Amino acid sequence: MALLDIKGISKIYGSVKALQNIDLAVEQGEWLSIMGPSGSGKTTMMNIIGCMDKPTDGKVILDGIDISAESARNLTAIRRDKIGLIFQQFHLISYLTALENIMVAQYYHSMPDEKEALQALDRVGLLERAKHLPSQLSGGEQQRVCIARALINYPMLVLADEPTGNLDEVNEGIVMDIFRQLHSEGSTVVVVTHDPEVAEEAQRTVILEHGRIARITYNVGRESRKGE
Ligand SMILES: Nc1ncnc2c1ncn2[C@@H]1O[C@H](COP(=O)(O)OP(=O)(O)OP(=O)(O)O)[C@@H](O)[C@H]1O
Ligand SMILES: [Mg+2]
């Protein structure tokens, strides 16, 4: 059974058809990229997979649960337990340090645990920045704190919407290493990107155009037939 099974979803905003009849299955342990022009529906799709929004039509089955039919309250719990979200608009809390930002996320999952939060910062190479406020971190470092925060409970599904969009090459390399490590530990990874090099890390790339799947490419050199 696929970890994620998207069945005929559409998302309509007034006269805008942001997604039109998308079918897509993602196997457990797969790494999938989503590409496409601005406005093609990538973020809309990630919001729906990430339990942040519901489709107008169709079904989304995540780990055996039809998330398109769940209440908002249940969606929050599913998101918390199963998904690590790395979205650019998920800002850090400005008056809390890097460490405290992670401990707040732990609080929502279970119990704050400073040692574990420090380990999460260490994973993204920011142990020595634990006491810094977001304003005392570079953009790339803030992005890495967001990643550490998303990963505290080892989510089965990692969703990232342009995680390297604002990063320089060095920080992009660090972020991609984190994704590689997560994937090797068994997480299923879905990454939206405009960068072909980032997309190539995946086994498959889905290209959206005008809210539809225009094509799917299989990336050479990857274990590319998973899920077929
Ligand atoms: N809340 C909303 N209300 C109305 N229209 C929306 C809403 N959210 C998105 N749209 C429209 O849906 C379409 C798809 O938007 P989406 O954000 O998914 O694009 P995208 O592929 O992520 O683009 P980008 O690469 O610029 O981030 C766009 O035409 C957008 O204007
Ligand atoms: Mg977007």
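Just follow the structure's listing: the first ligand is 1, and inside any ligand the first atom is 1. Everything quoted here is computed from the prediction, not taken from an experiment.
Formation of a donor-acceptor pair under 3.5 Å by the Lys42 side chain with backbone atoms of Pro37 is found in this model.
Contacts of ligand 1 (protein heavy-atom distance under 4.0 Å) are Tyr13, Val16, Ala18, Pro37, Ser38, Gly39, Ser40, Gly41, Lys42, Thr43, Thr44, Glu162, His194.
Looking at residues two or more places apart in sequence or on another chain, you find a side chain to side chain contact (heavy atoms under 4.5 Å, CB included) between Asp113 and Gln106, Lys115, Glu116. Every residue two or more places apart in sequence or in another chain that forms a side chain to side chain contact (heavy atoms under 4.5 Å, CB included) with Met156 is listed here: Leu3, Asp63, Lys82.
Looking at Ile216 and Ile207, their side chains never come closer than 4.5 Å, going by heavy atoms from C-beta outward.
Shown are the protein N/O/S atoms under 2.8 Å from the Mg ion (ligand 2), given by residue and atom: Thr43 OG1.
A salt bridge is defined here as a Lys NZ or Arg NE, NH1 or NH2 lying under 4.0 Å from an Asp or Glu carboxylate O, and Lys11 with Asp57 fails to meet this definition. Salt bridge present: Glu209 and Arg215 bring a charged side-chain N and a carboxylate O closer than 4.0 Å.
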_Set out, in order, the CA-CA distance, both residues' side-chain angles and the distance that settles side-chain hydrogen bond (donor to acceptor under 3.5 Å, both in side chains) for Thr44 and Asp53, then state yes or no._
CA-CA 8 Å; Thr44 304; Asp53 201 355; over 6 Å; no
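A side-chain donor-acceptor contact under 3.5 Å links Asn171 and Arg144. In summary, the side chains of His194 and Glu162 do present a donor paired with an acceptor at a separation below 3.5 Å, with no hydrogens or angles considered.
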